Amino acid sequence: MKRFWISCIAVAVLAWPAWGQKVEREKPDPGKIVHVQTALDHLTVLEMNEPVSAVAVGSTSFRVEWRGNKVFIEPTEPGVATNLYVWTPSGRFSYELDPAGAVPEMVFAIDQPPVTAPMPKFSANRPKPLTDPPPAEVLLKAEPVRLHGLISRKNRVAVYVTDLLNHDGQIFLRYVIRNGSGQVYVTREPQVVALTAPRYRESLYVLRDYQLSPVEATRLKSSGETSIEVTKSEIRSLRIEPEGETAGIVAIKLPPKQLEPTVLQLIFLAGLDGPVSATLVI
């Protein structure tokens with residue numbers, strides 16, 4: 001499955017500048033059927049303005065996957081047309097997948113424009129302070145962060161980012177620090193940086209909401225880093241006994257719309273075995 005995602009996105013990215021396929025914008029309309037022109041060995045992306053909850057395709061001649069608010073479509077056979085349904089919180093959207101044709105005529109992407117929020121009413125009062133999410137929202141809406149790669153607990157202090165929650169213009173990250181070093185580890189609240197122009201051997205789009213293991217993080221390339229504002233940081237205990245662990249939460253502010261994946265690093269005090277950090281793709 002991972003190989004399919006990687007190959008599809010790589011083909012699409014490499015083919016775009018050479019052929020100049022169409023990128024269309026389609027206003028959300030559950031009552032309309034949208035035609036999608038495809039091409040063999042090329043990927044078409046539907047980018048919705050809300051998270052996708054389910055998809056259904058009428059033929060196995062099209063390979064369809066989805067993640068977050070994006071649906072990836074690749075025809076596997078020529079001369080076959082079928083229909084596709086995509087569900088989001090706003091309802092069901094209908095598409096007709098046309099038979100795979102010539103590359104210059106294909107649709108590279110169909111984007112739904114973001115929903116325009118009403119203009120806020122400005123007040124002479126002081127700005128509303130940022131708020132913490134209520135416990136019920138943390139339990140119900142927090143997204144799990146998965147691990148890409150392996151973290152060895154032998155003779156090292158390891159950080160695991162476990163949950164992510166967007167709330168009130170902030171991103172809350174919950175993490176756990178486990179001490180497998182055999183020595184007492186004393187830490188501090190983390191610094192947070194974002195890597196500039198990150199590059200990785202796999203597509204970072206499909207690794208959103210994943211933590212990279214220390215080994216995988218060493219394979220990242222970037223042109224620098226930028227400090228990220230930390231709006232809140234709490235940690236249960238700064239002192240961690242051997243074979244013990246502690247938990248913490250850090251909240252940061254990022255621009256509201258992230259078109260490209262962002263690679264964050266949470267940096268703690270170094271341990272006896274070297275740096276202690278966590279690398280996260282969002």
Side-chain angles (χ1 to χ4, degrees), residues 1-114 143-144 146 148-149 198-210 212 216 219 258-261 281:
M1 185 70 68
K2 185 186 295 181
R3 185 176 302 166
F4 159 69
W5 281 59
I6 296 168
S7 62
C8 288
I9 294 177
V11 169
V13 171
L14 291 173
W16 194 350
W19 293 96
Q21 297 97 329
K22 293 176 288 185
V23 175
E24 299 181 351
R25 291 174 68 85
E26 192 75 37
K27 291 184 179 180
D29 185 355
K32 180 179 179 181
I33 298 176
V34 179
H35 279 261
V36 182
Q37 296 170 293
T38 63
L40 289 174
D41 299 319
H42 286 71
L43 181 72
T44 295
V45 179
L46 309 179
E47 184 159 357
M48 320 302 284
N49 59 20
E50 296 179 300
V52 175
S53 56
V55 300
V57 64
S59 172
T60 57
S61 297
F62 287 83
R63 190 174 296 168
V64 177
E65 300 289 343
W66 60 274
R67 177 172 174 82
N69 68 326
K70 299 175 182 62
V71 180
F72 302 88
I73 305 167
E74 182 190 21
T76 60
E77 298 179 20
V80 178
T82 191
N83 59 339
L84 169 70
Y85 297 108
V86 179
W87 284 268
T88 74
S90 294
R92 183 193 67 210
F93 297 91
S94 304
Y95 298 87
E96 177 68 17
L97 305 182
D98 294 336
V103 173
E105 298 175 359
M106 72 169 287
V107 176
F108 185 80
I110 300 177
D111 299 333
Q112 285 187 354
E143 297 289 339
R146 296 173 174 83
H148 182 65
R199 302 178 301 282
Y200 185 59
R201 63 180 184 176
E202 301 180 25
S203 170
L204 292 174
Y205 283 93
V206 298
L207 289 175
R208 273 180 160 162
D209 296 348
Y210 273 81
L212 302 183
E216 296 301 322
R219 299 188 172 107
Q258 296 291 308
L259 298 179
E260 301 291 333
V281 184

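Everything numeric in this text was worked out from a predicted model, so none of it was measured.
- Met48 CE to Asp111 CG: the interatomic distance, rounded to the nearest 0.5 Å, is 10.5 Å.
- Contact record, Thr44 with Val107: OG1-O, 2.8 Å, taken as the closest heavy-atom pair.
- Here the CD1-CG distance, from Ile73 to Leu97, works out to 5.0 Å after rounding to the nearest 0.5 Å.
- Ser53 meets the side chain to side chain donor-acceptor pair (under 3.5 Å) test with no other residue; sequence neighbours excluded.
- Counting only heavy atoms from C-beta outward, the side chains of Asn69 and Glu47 approach each other to under 4.5 Å.
- Shown here are the side-chain contact (heavy atoms from CB on, under 4.5 Å) partners of Ala102, two or more places apart in sequence or in another chain: Pro104, Glu105.
- Minimum interatomic distance between Ala81 and Pro99 (heavy atoms only, all atoms of both residues): CB-CD, 3.7 Å.
- With sequence neighbours excluded, the residues satisfying side-chain contact (heavy atoms from CB on, under 4.5 Å) with Glu26 are Lys32, Val34, Ile110.
- Note: His42 NE2 to Phe108 CZ = 9.0 Å, rounded to the nearest 0.5 Å.
- Note that the CE atom of Met106 and the CG atom of Leu43 stand 7.5 Å from one another [nearest 0.5 Å].
- In this structure, Pro113 and Arg25 approach most closely via the heavy-atom pair CB-NH2, 3.0 Å.
- Leu84 is not listed as a side-chain neighbour of Val36, based on a closest heavy-atom distance of 4.5 Å or more.
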Mind listing the side-chain donor-acceptor pairs of residues 54-62 below 3.5 Å, one per line with the distance, residues two or more places apart or on another chain?
residue, atom, partner, partner atom, Å
Ser59, OG, Ser61, N, 3.0
Ser59, OG, Ser61, OG, 3.4
Ser61, OG, Glu77, OE1, 3.4

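- Listed here is the closest heavy atom pair of Val281 and Leu204: CG1-O, 3.7 Å.
- When all heavy atoms of Tyr205 and Arg67 are compared, the pair lying nearest together is O-NE, 4.3 Å.
- For residues 90-101, the pairs satisfying side chain to side chain donor-acceptor pair (under 3.5 Å) are His35-Asp98, Glu50-Ser90, with sequence neighbours left out.
- Taken from CG in Leu207 to CZ in Arg146, the straight-line distance is 12.0 Å, to the nearest 0.5 Å.
- Within 6.0 Å of CZ in Arg199 there are more than 12 heavy atoms belonging to other residues, nucleotides or ligands.
- Annotation: side chain to side chain donor-acceptor pair (under 3.5 Å) contacts of Asn83 (sequence neighbours excluded): Tyr85.
- With sequence neighbours excluded, no residue forms a side chain to side chain donor-acceptor pair (under 3.5 Å) with Glu143.
- The shortest non-hydrogen separation linking Val52 to Lys70 is CG2-N, 4.3 Å.
- Under the salt bridge (Lys or Arg N to Asp or Glu O under 4.0 Å) criterion, Arg219 pairs with Glu216, sequence neighbours left out.
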